[in-house]
K.L.:
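Attaching a single structure in structure tokens format; questions to follow.
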Amino acid sequence: MTPATSFNEREALVCQTARLIDDGKLYWVAGGGGPMYAVLLAQRMGYAPNAQYLTEDGVLAPQPLLPFDPIQTMVSARAGYRALQWGTMNTAQDYAALGLVDYGILNTLQVDQWGNINSTFLGEYPDAGRRFGGPGGADSIAAMCWRTILMTDQDRRKFVDRVDFISSPGFLDGSEGARERAGLPAGTGPWRVVTPWAMYDYDADRRLRLIGVSAWVTVDEVLAECEHKPQMAAEICVLEPPSEEELVVYRSELDVRGQTADAGAWIVYQDGRYVRAG
Amino acid sequence: MTPATSFNEREALVCQTARLIDDGKLYWVAGGGGPMYAVLLAQRMGYAPNAQYLTEDGVLAPQPLLPFDPIQTMVSARAGYRALQWGTMNTAQDYAALGLVDYGILNTLQVDQWGNINSTFLGEYPDAGRRFGGPGGADSIAAMCWRTILMTDQDRRKFVDRVDFISSPGFLDGSEGARERAGLPAGTGPWRVVTPWAMYDYDADRRLRLIGVSAWVTVDEVLAECEHKPQMAAEICVLEPPSEEELVVYRSELDVRGQTADAGAWIVYQDGRYVRAG
Amino acid sequence: MQTAMPPAVEYLRPDPDGFRAYVRDHKQRALTPRVMDEHEAVAKFVADGDYLVYDCNYLQRGPASLIREIIRQQRRDLWIGAKFTYVALGLLIEAGCASRADVGFFGSRGPGFSRALRDGRLKLYEYSNAVMTLRLRAAAQGIGFIPTRSFGGTDGYLWSAARTIEDPFTGLPTVVLPALYPDVAIIHVHQADVYGNARVFGTGIAHIDTALASKKVILSAEEIVDTEELRRNPGLNHIPWFVVDAVVPAQYGAYPGSCQGVYASDPAHVAEVFGAMTQDKLGAYLEKWVYSVGSHEEMLERHVGVKKLLELRRRETVREGYTA
Amino acid sequence: MQTAMPPAVEYLRPDPDGFRAYVRDHKQRALTPRVMDEHEAVAKFVADGDYLVYDCNYLQRGPASLIREIIRQQRRDLWIGAKFTYVALGLLIEAGCASRADVGFFGSRGPGFSRALRDGRLKLYEYSNAVMTLRLRAAAQGIGFIPTRSFGGTDGYLWSAARTIEDPFTGLPTVVLPALYPDVAIIHVHQADVYGNARVFGTGIAHIDTALASKKVILSAEEIVDTEELRRNPGLNHIPWFVVDAVVPAQYGAYPGSCQGVYASDPAHVAEVFGAMTQDKLGAYLEKWVYSVGSHEEMLERHVGVKKLLELRRRETVREGYTA
């Protein structure tokens, strides 16, 4: 694997997440963007050739025809191409309720120290603030898959002590057994948070913990973009940058329209180190 | 219509029931015998050309290929031929639960004054007596269709004060609202009982009531075959015997193997009246 | 952060026996034709104040032509089951049709939406897509409530009608949802016969449950096919005639969305409606695409055109699995 | 008439979280082949004491070859979900395999059955077909219980695990059923790939729910088809690979029943087994059809023969709807 020398932070996020994909496991991916790309990239890179994914409209293990037209990430012929099953939202949630879905992968607006996710409201609910779209499928993913992976940007407004509104459950108030007391399936919960700058897991007390940072940022820079300061792993590793091989697959087979390219900062390898371009 | 001069009591039962079929309504028929024949006969005779039926395995509005092989009355290609839908037992019960099925037609072992049905046990449940097959689909039919029609033999052991075991609900203890208190849908219940000898409905107090007898029996003969003596309608009519036209359709298109012919007594028209043969 | 205490939340009360009595008297179990145009269907079956659900949405194999007709007929005070939806809720709000919504997810908002919320012209109740779908599933089974393994512990739960009871068998705390029996459902299907027997190919959200759960059901259909054709493969007929009140022939009925396996979406139109939403120009969008025309067909004729329609079909290159 | 008071009824306790933990550790989400012969499948996945469900039954597109294999391997103390069934329960009792049954309906009994009941070798619990199916549906949704509009007021209800609670939204009395998560399910399907993705054509009882609800699932399949073939019409693939533990190739696996659209039933055999049941000659029946042969294929070879097999296919004259 050849470390890449020029890439976008969104691309880095997908590559980083792809490396987390566990072979032979089933993923419920939210929407049709980064989460789906992460599984497909892991398949094609051979990290997890036998990982499969499920979408909210009941597409199971497809061989999607990329790219999709805007918004046509579900209930569309290209997204569902050569799937092993076409179901509905209820088949998708049944599989997750039964414990048959290993991982969920989500995007979000806001996440807190206990991994709770907000996609509903910023401000003081219900009246003083800004309304967003609601949990969509994320609530059922975060509630019922065994482990949840969150893909998001590193932004201090996103990493907060307590989300303004729990749209999808993390460890709730963080107490032991809080999820079970709320009626959620035992033994489930947040597992990783991935941003272009950092990787987090959850410690034994179910608190968000920084475990790695990207090569182009320092730990302090990451912490500056966390309104809530996460727990710190004993050792904070430096995350491997995207590889050329990953980017070739990603750009030529997955994000073939280059939509990611407009969406994040560019990183380049210059003078022996990675830096933000321009 | 030409009154028939020679027929079997089982044939008479089907013809009598066919005349009860309401046009444009949906029937849940138990098994593949008399109840199905009654609806098909009503369709073909033009009594109810637009009545349709549903079976326990989710066959909806088929054009069955008769005859069926023994037992292959459900989950078979001939029974489900050219249906408007193939579902499962759950689709069938969902339609009934939703109030979309107008009538159910059932056979039974035992029926009581309140229309409760026993197909489980004769004797003192659980130990002292004889075990039968259980309610099957009859419980859901009797519980959730708006009106239930029972097809059975006229036998004093079948018509009892209180069934030995309520497998499928009639009016339960007969009190007003008993079905609703038990959680059953409001406004449903037994509607007619048809035997080769007689026709019953239920009076305002939900008790079985004799409303008609066949031409070859007297009211007293019918009552002799009722351990429980039913209420009596103000006027007990004499039921029209099967017509030649009905029997032609029934024998040539429905019971084409003549299975009914072995199963009941023969009635003949002799010397100006109907009598049991030989 | 939440400051207000969750109120006793308004929700559409499940009434299984009331539903039964309604359908007994109103749904046609006879195989009688029920084909009509969109104007008649909406005039007859969508009333002011109705709880309305659409399956899928304005941009994804949804009943887009029926949504436009509802706006054209200026229905008022609708309560929307807003799951898995993009601009549809925004259009209905802008047009003054919707005053309440049970939210699973609605993508794309904009200034008009914010004004409606601020002015109290719009009330929102919190659910999730899966929870809304389960509420419909419960109704499609004729029951009053259903347990779920999700939703517990969220703030959506607190601000919704969901409750927690003790599981009567295990004693464990169990979230239960009230069944949702909508007044009216609009669903776009690939094929229907004149009676309402219908097929959807490919994935969906909850089209079957939605059809069963709703007091009134309008289907828009890409194709009207002969009943004998449907009888050749009964395993594909998932919506039975006796739950359907109206069948509206509607080629390109999902436009500007795709109808999978038949035609692709129109990305330019998708961009136009998103742009109108965020730039507070939905009025102009509605004027052009809804009010200036009398029907879906007139819209296709005047604002879409043959060239585009041919292109949409040409761009949909997948057929596998979308035919009987 | 009932004299005894209904006891606290024994039932298989729903444990949704226990089920989840089991499938997490035991069900294979990777697409790995799981084809094996019936001997291996039953040896691996049917244990003494298991709660066993079969979809359909010995005479109607059921897993007849697997039922015979279970008898051949002499499993003991099985608890049978006996809905929509004819002679299967009687065979399992005669062979000494079954000691308990939750009854929806079982047609055909006989002296052996009566002896087993009288001697206490068989305990029965009372349900109905629809109620048993609903219990499986609840499990297939991952929940612990489900309401129903039937079963209330019956004596079956009194002698079952069903209970009545107050609907938390309407306050009305509501019958609830415990979800049924069987230990093992055996299901006969028209087509499966080597991973367990499977199709059933035509009607069924609860094959999808049964597959999802059960800890261990054995499919017998008329045809093993290529996965690529299944991908051509994903809308027909109703059982996903990750709920299936074993795929057993079994042409004529439903014999003596019909596999709809493929072959007819064998009425002579049906009469033979009914006759054996009522005349207390099931021992001889089992000797001939089960114990005297080592496998399903050997049974076809020795006791059915080519002529009969050809005849069964010839007599099934309907194809419409039974192919992709």
Side-chain angles (χ1 to χ4, degrees), chain B residues 55-59 65 69-72 74-83 86-90 92-93 96-97 116 119-121 123-128 130-140 142-144 162-169 172 178-185, chain D residues 1-4 56 59-61 82 84 86 103-109 113-114 117 124 126-131 133-134 137 148-157 159 164 172-175 202-209 257-258 260-261 264-265 267 270-271 316-318 320-322:
Chain B
T55 61
E56 200 179 329
D57 60 329
V59 167
L65 293 175
D69 284 335
I71 304 295
Q72 310 301 313
M74 286 189 268
V75 198
S76 79
R78 297 178 70 83
Y81 190 59
R82 294 219 162 191
W86 286 336
T88 67
M89 197 180 287
N90 273 330
Q93 76 170 311
N116 299 304
S119 46
T120 301
F121 203 86
E124 288 185 16
Y125 188 90
D127 296 318
R130 185 163 169 218
R131 173 81 203 195
F132 292 83
D139 168 57
S140 37
M144 302 191 294
R162 174 71 165 83
V163 289
D164 294 347
F165 190 97
I166 302 180
S167 308
S168 305
L172 302 176
R179 286 173 66 95
E180 289 79 358
R181 285 191 300 279
L184 302 180
Chain D
M1 185 186 299
Q2 291 183 65
T3 49
C56 297
L59 302 176
Q60 294 171 299
R61 210 254 299 128
F84 192 76
Y86 288 92
V103 173
F105 172 80
F106 58 101
S108 181
R109 289 150 305 273
F113 166 81
S114 299
L117 258 188
L124 300 179
E126 307 296 344
Y127 296 92
S128 75
N129 286 349
V131 157
T133 309
L134 273 184
R137 173 192 262 180
T148 177
R149 300 308 307 275
S150 67
F151 206 39
T154 66
D155 287 325
Y157 168 87
W159 290 82
T164 298
L172 294 171
T174 301
V175 175
T203 61
I205 301 304
H207 46 281
I208 304 169
D209 287 342
S258 159
Q260 70 265 50
S265 69
V270 171
E316 185 73 334
T317 52
V318 175
E320 270 186 12
Y322 296 102

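A note on names: the letters A, B, ... follow the listed sequences, proteins ahead of strands, and every chain is numbered from 1.
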K.L.:
Can you tell me which portion of D:Phe106 sits under 4.5 Å from chain B's heavy atoms? Options are side chain, backbone, both or neither.
P.N.:
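Looking at D:Phe106, backbone and side chain both touch chain B.
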K.L.:
Do D:Thr317 and B:Arg78 touch side chain to side chain, with heavy atoms closer than 4.5 Å?
P.N.:
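D:Thr317 reaches B:Arg78 side chain to side chain.
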K.L.:
Considering only heavy atoms, which portion of B:Ser119 lies under 4.5 Å from any heavy atom of chain D: side chain, backbone, both, or neither?
P.N.:
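Contact with chain D is absent: no heavy atom of B:Ser119 under 4.5 Å.
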K.L.:
Side chain, backbone, both or neither: which part of B:Ser140 has a non-hydrogen atom closer than 4.5 Å to chain D?
P.N.:
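Contact with chain D is through both the backbone and side chain of B:Ser140.
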K.L.:
Looking at every non-hydrogen atom in both residues, tell me the closest pair between D:Tyr127 and B:Pro135 and how far apart they are.
P.N.:
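Of all heavy-atom pairs spanning D:Tyr127 and B:Pro135, the closest is O-CG, 3.2 Å.
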K.L.:
Once salt bridge (charged side-chain N to carboxylate O under 4.0 Å, His left out) is applied, do any residues pair with D:Arg137, and if so which ones, sequence neighbours excluded?
P.N.:
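For D:Arg137 the salt bridge (charged side-chain N to carboxylate O under 4.0 Å, His left out) partners, ignoring immediate neighbours, are B:Asp94.
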K.L.:
How about B:Phe165 and D:Trp159: are their ring centres within less than 6.0 Å of each other?
P.N.:
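That pair fails the under 6.0 Å test.
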K.L.:
Output the option from D:Gly156, D:Gly257, D:Ser150 having the highest count of non-hydrogen pairs under 4.5 Å with chain B.
P.N.:
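Option with the top pair count is D:Ser150.
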K.L.:
Let's test your reading of the structure: which of D:Gly321, D:Pro173, D:Gly104 forms the most heavy-atom pairs below 4.5 Å with chain B?
P.N.:
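The answer is D:Gly104.
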K.L.:
Rounded at 0.5 Å granularity, tell me how far CD in D:Gln260 sits from CD in B:Gln72.
P.N.:
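Output value for this atom pair is 9.5 Å.
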K.L.:
Looking only at non-hydrogen atoms, find the nearest pair between D:Thr154 and B:Ser167 and report the distance.
P.N.:
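The pair with the smallest heavy-atom distance is CG2-O, 3.7 Å.
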K.L.:
Is it the backbone or the side chain of D:Arg109 that comes under 4.5 Å from a heavy atom of chain B, or both, or neither?
P.N.:
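Side chain only.
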K.L.:
Given that the side chain runs from C-beta out, which part of D:Ser258 has a heavy atom under 4.5 Å from chain B: side chain, backbone, both or neither?
P.N.:
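Answer is both: backbone and side chain atoms of D:Ser258 are under 4.5 Å from chain B.
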K.L.:
Checking B:Arg181 against chain D: side chain, backbone, both or neither under 4.5 Å from a heavy atom?
P.N.:
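For B:Arg181, the backbone is the part near chain D, not the side chain.
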K.L.:
Under 4.5 Å heavy-atom distance to chain D, tell me which part of B:Leu184 shows up: side chain, backbone, both or neither.
P.N.:
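Contact with chain D is through both the backbone and side chain of B:Leu184.
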K.L.:
With sequence neighbours excluded, tell me which residues meet salt bridge (charged side-chain N to carboxylate O under 4.0 Å, His left out) with B:Arg131.
P.N.:
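Salt bridge (charged side-chain N to carboxylate O under 4.0 Å, His left out) list for B:Arg131, sorted by chain: D:Glu126.
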K.L.:
Show the nearest heavy-atom pair for residues D:Val175 and B:Ala182, with the distance to one decimal.
P.N.:
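In this case the closest contact between D:Val175 and B:Ala182 is CG2-O, 3.5 Å.
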K.L.:
With a 4.5 angstrom heavy-atom cut-off, which part of D:Leu59 approaches chain B: side chain, backbone, both or neither?
P.N.:
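Both backbone and side chain.
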K.L.:
Under a 4.5 Å heavy-atom cut-off, does chain B meet the side chain of D:Ile208, its backbone, both or neither?
P.N.:
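For D:Ile208, there is no contact with chain B at all, as no heavy atom is under 4.5 Å.
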K.L.:
Answer with side chain, backbone, both or neither: which region of D:Phe151 has an atom nearer than 4.5 Å to a non-hydrogen atom of chain B?
P.N.:
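For D:Phe151, the contact with chain B is made by backbone and side chain together.
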K.L.:
For the pair D:Gln60 (side chain) and B:Ile71 (backbone), establish whether a donor and an acceptor sit closer than 3.5 Å, ignoring hydrogens and angles.
P.N.:
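Indeed, once roles are kept as given, a pair shorter than 3.5 Å links the two residues.
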K.L.:
Only one of D:Asn129, D:Leu134, D:Val131 clears side chain to side chain contact (heavy atoms under 4.5 Å, CB included) with B:Gln93; which?
P.N.:
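Running side chain to side chain contact (heavy atoms under 4.5 Å, CB included) over D:Asn129, D:Leu134, D:Val131 with B:Gln93 returns exactly one hit, D:Leu134.
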K.L.:
Contact part of D:Tyr157 toward chain B, heavy-atom cut-off under 4.5 Å: side chain, backbone, both or neither?
P.N.:
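Contact with chain B: none, neither part.
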K.L.:
Which atom pair, heavy atoms only, marks the closest approach of B:Pro70 to D:Pro267?
P.N.:
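Heavy atoms of B:Pro70 and D:Pro267 come nearest at CD-CB, 4.0 Å.
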K.L.:
Any side-chain heavy atom of B:Met74 sitting closer than 4.5 Å to one from D:Thr203?
P.N.:
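B:Met74 vs D:Thr203: side chains apart.
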K.L.:
At their closest point, which heavy atom of B:Val75 faces which heavy atom of D:Cys56, and how far apart are they?
P.N.:
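Smallest heavy-atom distance, with atoms named: CG1-SG, 3.9 Å.
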K.L.:
Which of the residues B:Ala142, B:Gly183, B:Ala143, B:Ala92 is involved in the greatest number of heavy-atom pairs with chain D at under 4.5 angstrom?
P.N.:
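Of the candidates given, the most pairs with chain D belong to B:Gly183.
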K.L.:
Tell me, do B:Thr120 and D:Asp155 make a side-chain contact under 4.5 Å, heavy atoms counted?
P.N.:
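Counting from C-beta outward, B:Thr120 and D:Asp155 never come under 4.5 Å.
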K.L.:
Counting heavy-atom pairs closer than 4.5 Å to chain D, which one of B:Arg130, B:Glu56, B:Arg179 comes out on top?
P.N.:
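The answer is B:Glu56.
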K.L.:
Output the distance between atom CD (B:Glu180) and atom CG (D:Leu172), rounded to the nearest 0.5 Å.
P.N.:
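Result: 10.0 Å between the selected atoms.
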